[in-house]
Amino acid sequence: KYNKSYILRFFLVGVTTFAINNLFFWFFNSYFQFNYQLSITFSYFLTVASHFLLNHFFTYSGQAEKGILGALPRYFLMLGLNYLITLSVVSSTVELLGLSPYFGIVFSTAATAISSFLVMNHFVFRRGR
């Protein structure tokens, strides 16, 4: 069911959005001196559009069951879940482990990559049966 091309496309989109998210985080955290929670929030929501569009058109080749507009409400539910995972993991990394929020972003990316893969494949962009 998951061929190598599909996995590679999902991975490439993930790496691209990881880079975009980190660039935005760095910008808000370093340039504007926002605290890490606010920087995460702004960078997360600015990264969302590219993530959705790259996955819809590149990973899933526009083959979502109900098209792009039908996938949006389900995508927003996934975003809410992943946002909570991101905040929890980064906060734990900073507050409990005393590490930089950049490590938290890396850790949270691993967690949200797994949840995104499962949720997008079976819920957001599920293909017609």
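Throughout, numbering of the chain's residues begins at 1 and tracks the sequence. Hydrogens, waters and symmetry mates are skipped; everything else that's a heavy atom, side chains included, is used.
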State, to 0.1 Å, how close [X] and [Y] come at their nearest heavy-atom pair, and which atoms those are.
| X | Y | value |
| --- | --- | --- |
| F10 | S116 | CZ-C, 4.1 Å |
| R9 | T59 | NH2-O, 3.0 Å |
| G104 | V89 | O-CG1, 3.8 Å |
| G14 | T17 | O-OG1, 3.2 Å |

To the nearest 0.5 Å, what is the distance between [atom1] on [X] and [atom2] on [Y]?
| X | Y | atom1 | atom2 | result |
| --- | --- | --- | --- | --- |
| M120 | H51 | CE | NE2 | 4.0 Å |
| W26 | F32 | CH2 | CZ | 10.5 Å |
| T112 | L79 | OG1 | CG | 10.5 Å |
| I114 | L118 | CD1 | CG | 8.0 Å |
| Y44 | F24 | OH | CZ | 14.5 Å |
| T86 | N21 | OG1 | CG | 7.5 Å |

Q.
Going by the rule side-chain hydrogen bond (donor to acceptor under 3.5 Å, both in side chains), which residues pair with S115 if we only count those two or more places apart in sequence or in a different chain?
A. N82
Q.
Any donor-acceptor pair under 3.5 Å linking the side-chain atoms of T41 with those of Y83?
A. yes
Q.
Ignoring hydrogens and geometry beyond distance, is a side-chain donor-acceptor pair present between Y6 and N121 at under 3.5 Å?
A.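 Yes, side-chain donor-acceptor contact under 3.5 Å.
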**Q.** Residues forming a side chain to side chain contact (heavy atoms under 4.5 Å, CB included) with L97, sequence neighbours excluded
**A.** L99
Treating Ile, Leu, Val, Met, Phe, Trp and Tyr as nodes and any side-chain heavy-atom pair under 4.5 angstrom as an edge, say whether [X] and [Y] lie in one connected cluster.
| X | Y | value |
| --- | --- | --- |
| L84 | F45 | no |
| L38 | Y102 | yes |
| V94 | L96 | no |

A side-chain contact here means heavy atoms from C-beta on lying under 4.5 Å apart; do [X] and [Y] qualify?
| X | Y | value |
| --- | --- | --- |
| V90 | I105 | yes |
| Y36 | T93 | no |
| F107 | S92 | no |
| S100 | F103 | yes |

**Q.** Sidechain-backbone polar pair: S91 side chain, S88 backbone, donor-acceptor under 3.5 Å
**A.**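 No, because the side chain of S91 does not come within donor-acceptor range (under 3.5 Å) of the backbone of S88.
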(Q) Main chain of S30, side chain of Q33: is a donor-acceptor contact present, judged purely on distance under 3.5 Å? (A)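 Confirmed, Q33 side chain pairs with S30 backbone.
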Q.
L46 vs F28, test: side-chain contact (heavy atoms from CB on, under 4.5 Å). Steps then yes/no.
A. CA-CA 11 Å; L46 287 172; F28 290 119; 3.6 Å; yes
